[in-house]
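Heads up: the structure comes next, in structure tokens.
Ligands are counted one by one from 1 in listed order, and the atoms in each one are counted from 1 as well.
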Amino acid sequence: MRLSRLLLWTFVGGAGVHAAATLDELADDVSRVESLREIKDATATFAQLAQFGRYAEMADLFSPDGVLLWGNTSVQGPEAIRRWLEEDAGDMNGRGPGSLDTLVLATPLVNLGADGRTAKGRWNGWRFQGDGKGLTRMRGGVWENEYARVEEGGRWRMRVMRYYELYEGAYEGGWRNVGGRDFGLVPEFHYTAEEAGVPIPKGEVGGGDVVEGSNLERRIEDLNDEDEVRNLQHAWGYYVDRRLWGEVGELFGSHDWGVVRIDNVGVFEGPNGIREGLERWMGPEGLKQGVLNEHLIFDTVVKIRDEVDPDVPNAEKMADARGVEIGLIGDQEKGTALWRFSFFQNSFVKRNGIWQIHNVTIAPLVVANYSDGWGYGGVMAKSTVEPVFLDYTAKRRKKPDTAPKESLSELSRRLSRSYGYEGAESISNAYGFYIDFIDGAACSLMAAIHHPLANKESPFAGFYHTRQRVLEACTQAYGTSARLTRSGISFHWRPQPVIHVSQDGRSASLRARLLQPATDKTSSGTIRGGMYHDQMVLDENGSWKLWSVTIDEFYWSMNNWKEGWGGVEVRDKNAPDQPPPRDLVRQFPPDLWLNEMEGEREVGFMGGRERYVSWPEIQRMWFGYRNPVSGGVPKDGSYWPGCVPCYQHKPEWAMTKHGWQEPPTGPTLVRAMFAAGNGSSEWDDGTFITVWVTPGPGEVVEGVVKLTGRDVGLEYLLTEKDGGRVMFELPRNLSGGFHLLEATFLGSSRLNPGRDVIDLTLPGGPGSLLGN
Ligand SMILES: *[C@@H]1O[C@H](CO)[C@@H](O)[C@H](O)[C@H]1NC(C)=O
Ligand SMILES: *[C@@H]1O[C@H](CO)[C@@H](O)[C@H](O)[C@H]1NC(C)=O
Ligand SMILES: *[C@@H]1O[C@H](CO)[C@@H](O)[C@H](O)[C@H]1NC(C)=O
Ligand SMILES: *[C@@H]1O[C@H](CO)[C@@H](O)[C@H](O)[C@H]1NC(C)=O
Ligand SMILES: *[C@@H]1O[C@H](CO)[C@@H](O)[C@H](O)[C@H]1NC(C)=O
Ligand SMILES: *[C@@H]1O[C@H](CO)[C@@H](O)[C@H](O)[C@H]1NC(C)=O
């Protein structure tokens, strides 16, 4: 259907989130968010297919006139692209014995065109290849791609894949700048600083062919579910990195149904089995000095299933996630270091409104000793898992049309939360892309993607408050003019985000890795890792902006390619606790110094308090969110929600002081329990259901709790004084026999909704509880 009304379309207006005025407008909004996701999924699938040398399917992701620009190569049309991909890979195609072709496209910043039919996207990427016979190749760079939806109702395809190859090299010797040259011009950004925060711009309603009005309620629900499944998948990865097997186990829910399959290692079932499997594959609980267990997750595609699998107990919905994993493993004290290139394909199930992991399959393709590299194919037997690729295009065409039950404004609100997920990811990656090419010009761009009242950490120094101060701190360090050349670059990838969007879709909290590949023209490259803890807001102009940026660095590092992460000396115990302050601290003092932040948050960080911890010592990992399934906080107390400086030190910098909602920190757990009387076993005192609503620490429960079922419809407004607990007395004339009751917390401006189901059998058979 094409509409030609010239209404200005946007998710936001002066007043905040866009509320669709008609179903057609809502349908248009839904299609555009789905489009953005499909573009990311198509690109991720391109990377996933490369692991198996499936170049024909990769070429099929291009439009008929599609162009591949790879370095100085230009090829047009799917068939020519297939041929080029095939030839370029040679035997490094992931097909032959020991062959490796792991491609990742990370950190997307995608902007849909106003027409709804075109898009542009920037990505960081790596490609690690080997032919199993000794030949290796590593490549890294930036993609600036163009996408188009060619046919009416058709799928999104790549029209231009434009790869700027920035560094390359064989495994032996590592990577360097391409051609051993200085970098000249920065690969062109397809967006302005303002557009970076507007993944879906203003457009006409019905512009292009994006209006597809069917089954909107379910499609919005699926988009919201997709956010939660993606968070769960990414959160799994951070617990795995720290070998927090207790936390990992909780992601499967409190029952015996979980399965972990590690190819060529075993199939492990139930809580004890899963722990055993994880320990066997990755080692015992926790990290001790020198242990690296990084499992970088890339190119995650999530698909919500249309139907649940009838064999899966209590399944409300199911989903699958698939992606690429690169493991940086080792134990420095034992002198071991390994690369592990894998793929994963996992299933998820929603129970009582909370997504849990159903099963995990990890399939290692090449596992190689660091000192040997992967050229000869590594040390692991060939994978036996059949790769299954997810049909991400199915989102828009499923289910017969059903009229929405919820109001238009409620549906718009729910959709705006998924749009917020996209906005947060875009602005997070925009930050990384600007910082990569930092100089005076990039300082202005970097500052411009902050809200005027934002705060941002300058590493090893402290936090600057307000956009103006962020800009001045940057130019203090990097000057005000653009650099025409640079001999090396430290990239700031922000992959694997876990994003919590507020209930009104206008703010978000984000954790992402800092993954820092570095390249230089004369020496071999290195990689380092850290962590970002950020918040973002939607500003009055409809653009997502950074509100708070915290950088915890570094967790692990390399001194040079040859020795890798295993070759870093332990820091001298007699060295000073902290180095002298950065020049920046003296020349342009921060508004909050790291070393003045009382309490534990900055203990152990360089520039922070007490002795700084340096790889191969183990840096403490902070979490801004709770366990996405159990709702628990990290057992060692490393929980620090929201804006890092705001939580204890600068509460006046918090977004809640300026009209935004604090995003949730995880699930709201609801537990309903049956109690006869007030704890006594006497029936004649009435029959009570007690409902507990449990949020995160320090979060107040305010909102409506409902208890519903056959002949039961009770409701209570919880306020702060209730402490998250309400006792419902069941109607005294309730019939005997089996009852299924649902306790629902409807949520609040801070808390996610939650629910529980309780069944009970009342005495007396048919007839009154009191037996008359
Ligand atoms: C293309 O790039 C390669 C590698 O950088 C270089 O060797 C080759 O000379 C270039 N070809 C052209 C036509 O510029
Ligand atoms: C995971 O669950 C899905 C859905 O029930 C099933 O099809 C698949 O075989 C399971 N995989 C493993 C490894 O158990
Ligand atoms: C890895 O290589 C090193 C150095 O060649 C060697 O000492 C070590 O035994 C190798 N480890 C494995 C697991 O093959
Ligand atoms: C919104 O746009 C106006 C006009 O360009 C500008 O003056 C204002 O600062 C912007 N607001 C924010 C929060 O950046
Ligand atoms: C609890 O129930 C018992 C038995 O019905 C009654 O004697 C007692 O007063 C009740 N206590 C409260 C606090 O309501
Ligand atoms: C129980 O009593 C209430 C009010 O007295 C009445 O509305 C309801 O219909 C009755 N329910 C049953 C199952 O008899």
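Applying the 4.0 Å criterion to heavy atoms of S347 picks out, from ligand 2, the atoms 1 (C), 2 (O), 3 (C). Per-residue contacts place T361 under 4.0 angstrom from the following atoms of ligand 2 (heavy atoms of the residue considered): 13 (C). Short contacts between ligand 2 and D309, defined as distances under 4.0 Å to a heavy atom of the residue, involve ligand atoms 4 (C), 5 (O).
Qualifying side chain to side chain contact (heavy atoms under 4.5 Å, CB included) partners for S347, counting only residues two or more places apart in sequence or in other chains: R305, D320, H358, N359. Scored by the salt bridge (Lys or Arg N to Asp or Glu O under 4.0 Å) test, E325 finds no partners at all (sequence neighbours excluded). Every residue two or more places apart in sequence or in another chain that forms a ring-ring contact (aromatic ring centres under 6.0 Å, His included) with F341 is listed here: F128, W339, W374.
Proximity of E269 to ligand 2, defined as any heavy-atom pair under 4.0 Å, is not found for any part of the residue.
The side-chain tip of R122 points at the ring of F433 from less than 6.0 angstrom away and within 45° of straight on. Cation-pi geometry between R32 and Y419 is not met at under 6.0 angstrom from the ring centre and within 45 degrees of the axis.
Using a non-hydrogen distance threshold of 4.0 Å, Q345 does not register as a contact of ligand 2.
Taking any N or O of R305, backbone or side chain, none lies under 3.5 Å from an N or O belonging to ligand 2. Residue N359 has at least one N or O atom closer than 3.5 Å to an N or O atom of ligand 2.
Neither side chain, D539 nor H451, offers a donor N or O lying under 3.5 Å from an acceptor on the other.
The ring-ring contact (aromatic ring centres under 6.0 Å, His included) test with W547 is passed by exactly one of H465, H533, H658, H450: H658.
In this structure, CG in N346 is found 4.5 Å from CD in Q233, a value given to the nearest 0.5 Å. Considering CZ of R494 and CG of L109, their distance stands at 11.5 Å, rounded to 0.5 Å.
Listed as neighbours of ligand 4 are P452, D539, E540, N541, each bearing a heavy atom under 4.0 Å from the ligand.
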